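Shown next, in structure tokens, is the structure this report addresses.
Only a predicted model underlies this, so the values are computations on that prediction, with no experimental measurement involved. Chain letters run A, B, ... following the sequence lines, proteins first, then strands; residues in each count from 1.
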There are 2 protein chains.
Amino acid sequence: MTTQIFFALSDPHRQEILLRLARGGPQTTLNLLKGIGATRQGATRHLLILEEAGLVKSEKRGREVIREFNPETVALAQQWFTDLESAWDSRLDRLRKQYETK
Amino acid sequence: MTTQIFFALSDPHRQEILLRLARGGPQTTLNLLKGIGATRQGATRHLLILEEAGLVKSEKRGREVIREFNPETVALAQQWFTDLESAWDSRLDRLRKQYETK
DNA sequence: GAGATATGCAACATATCGGTTGCATATTAG
DNA sequence: CTAATATGCAACCGATATGTTGCATATCTC
């Protein structure tokens, strides 16, 4: 689950797109395309990957598709880091206790 | 920079390896190999990717290589999420102020 | 309806990924 | 020294990623 999120963020174009969506709010594909050195199809592909990872929501409005940043999924990724750190911390704790009881 | 970190975390094997390093402390390649359905070379490759991303440190000790979890790099990735969220939040703030001054 | 606009779909080329295999090297143990 | 152990290096394969191009479709504007 989180692997998909991390994969979506492992590309500079996708990072840039997501940041711009968070900053600039809901936008069309063509708008997001500007400033990124990519074709329309390239940008669309990246947006689909971001959407499949849950980082972006999309809504069809007339002939255009509006993409929107989805803040909920970010929490999932952050939780993974939190778990990793707590695994690390609890190990340090264990080592410390072991040392103290000697 | 963070793209490399996210890429390293976009594979279930590498996630598992990193978790086990954080939990179990410094270990050899062969030890990390156990429990993961992969060849020695497969595991080595994953470890190198984790190391290039800065998530793992390695130290050659005699004929074996000890891999160790590096907690510092995790902070970089977390910072990226923090920046993303602050971009999002500041946008919401702007919208709210714009609404209030009407 | 006609033209412009926004997008989707499909095929293709090139590169990289994940994984395996075979062989070489270095260190340790007897 | 010899055998076992831990690893590195290089080539290979199939699958996937990234990016492009060409064509089709849907919608809006006039």
Side-chain angles (χ1 to χ4, degrees), chain A residues 1-21 24-70 73 77, chain B residues 1-21 24-70 73 77:
Chain A
M1 192 52 233
T2 50
T3 55
Q4 217 175 348
I5 300 173
F6 290 136
F7 173 75
L9 297 175
S10 70
D11 178 274
H13 280 164
R14 290 196 288 269
Q15 284 195 358
E16 174 67 19
I17 289 174
L18 196 61
L19 274 171
R20 285 174 57 181
L21 274 174
Q27 297 168 56
T28 65
T29 307
L30 286 184
N31 197 4
L32 286 167
L33 179 54
K34 294 171 197 162
I36 297 175
T39 338
R40 176 179 66 88
Q41 293 296 353
T44 301
R45 203 169 236 305
H46 287 311
L47 282 165
L48 285 178
I49 290 173
L50 286 168
E51 190 170 348
E52 278 166 19
L55 290 162
V56 162
K57 289 181 282 189
S58 76
E59 181 194 353
K60 188 155 190 174
R61 200 141 67 199
R63 76 180 143 181
E64 55 190 17
V65 177
I66 309 292
R67 320 274 177 165
E68 187 177 355
F69 175 62
N70 181 15
T73 306
Chain B
M1 191 55 233
T2 51
T3 55
Q4 219 173 346
I5 301 174
F6 289 137
F7 173 74
L9 297 175
S10 70
D11 178 274
H13 280 164
R14 290 195 287 269
Q15 283 195 357
E16 174 67 19
I17 288 175
L18 196 62
L19 274 170
R20 284 175 55 183
L21 275 174
Q27 297 168 56
T28 65
T29 309
L30 286 183
N31 196 4
L32 285 167
L33 180 54
K34 294 171 196 162
I36 296 176
T39 338
R40 176 180 65 88
Q41 293 296 355
T44 300
R45 202 170 235 308
H46 287 310
L47 282 166
L48 285 179
I49 290 173
L50 285 168
E51 191 171 347
E52 280 167 18
L55 290 162
V56 163
K57 288 182 285 191
S58 78
E59 180 194 354
K60 188 156 191 174
R61 199 143 67 199
R63 77 179 143 183
E64 53 190 17
V65 177
I66 310 293
R67 320 273 177 167
E68 186 178 356
F69 174 63
N70 180 15
T73 307

>> Nearest whole Å is fine: how far is dA11(C) P from Arg45(A) CZ?
In response: 13 Å
>> Does a side-chain N or O of Arg14(B) approach OP1 or OP2 of dG18(C) to a distance below 4.0 Å, or not?
In response: yes
>> Taking the nucleotide of DNA chain D with the nearest heavy atom to each, does Gly62(A) or Lys60(B) sit closer to the 5' end?
In response: Lys60(B)
Using a 3.5 Å cut-off and no angle test, enumerate the donor-acceptor pairs between side-chain atoms of residues 26-35 of chain A and protein atoms at least two apart in sequence or in another chain.
{"from": "Gln27(A)", "atom 1": "NE2", "to": "Arg20(A)", "atom 2": "O", "distance (Å)": "3.1"}
{"from": "Gln27(A)", "atom 1": "NE2", "to": "Gly25(A)", "atom 2": "O", "distance (Å)": "3.0"}
{"from": "Thr28(A)", "atom 1": "OG1", "to": "Asn31(A)", "atom 2": "N", "distance (Å)": "3.2"}

>> Without decimals, in angstroms, what is the distance between Lys34(A) NZ and dT5(C) P?
In response: 13 Å
>> Could you tell me how far apart Gln27(A) (CD) and dA6(C) (C1') are, to the nearest whole angstrom?
In response: 15 Å
>> Test of understanding: with salt bridge (charged side-chain N to carboxylate O under 4.0 Å, His left out), list the residues that count as partners of Arg14(A), not counting sequence neighbours.
In response: none
>> Heavy atoms only, 4.0 Å cut-off, all strands: where does Arg61(A) land among base, sugar-phosphate and nothing?
In response: nothing
> For Gly42(A), which contact category applies under a 4.0 Å heavy-atom criterion: base, sugar-phosphate, or nothing?
Replying inline: base
> Should the pair His13(B) and His46(B) be assigned to parallel (<30°), tilted (30 to 60°) or perpendicular (>60°) ring geometry?
Replying inline: perpendicular
> Between dT28(C) atom C1' and Leu30(B) atom CG, what is the distance in whole Å?
Replying inline: 14 Å
> Roughly how many Å is it from CD in Glu64(A) to P in dA4(C), rounded to a whole number?
Replying inline: 19 Å
>> Measuring only between side-chain heavy atoms, which start at C-beta, is Arg67(A) closer than 4.5 Å to Leu48(A)?
In response: yes
> Given atom CD of Gln41(A) and atom C1' of dA10(C), what is their separation to the nearest angstrom?
Replying inline: 10 Å
>> In whole Å, I'd like the distance from the CZ atom of Arg40(B) to the C1' atom of dG19(C).
In response: 13 Å
>> For a 4.0 angstrom threshold against heavy atoms of chain A, report the outermost contacting nucleotides of DNA chain D in 5' to 3' order.
In response: dA17(D) to dC28(D)
> Do you know which two heavy atoms are closest between Leu55(B) and Leu18(B), and how far apart they sit?
Replying inline: O-CD1, 3.8 Å
> Which is true for Ile66(A) with a 4.0 Å heavy-atom rule: it touches a base, it touches only sugar-phosphate, or it touches nothing?
Replying inline: nothing
>> Please identify which of these residues, Lys57(B), Arg61(B), Lys60(B), meets the side-chain contact (heavy atoms from CB on, under 4.5 Å) condition with Ile66(B).
In response: Arg61(B)
> Ignoring hydrogens and geometry, is there a side-chain-to-backbone donor-acceptor pair from Gln15(B) to Leu9(B) under 3.5 Å?
Replying inline: yes
>> Distance check needed: dT5(C) P versus Asn31(A) CG, whole Å only.
In response: 16 Å
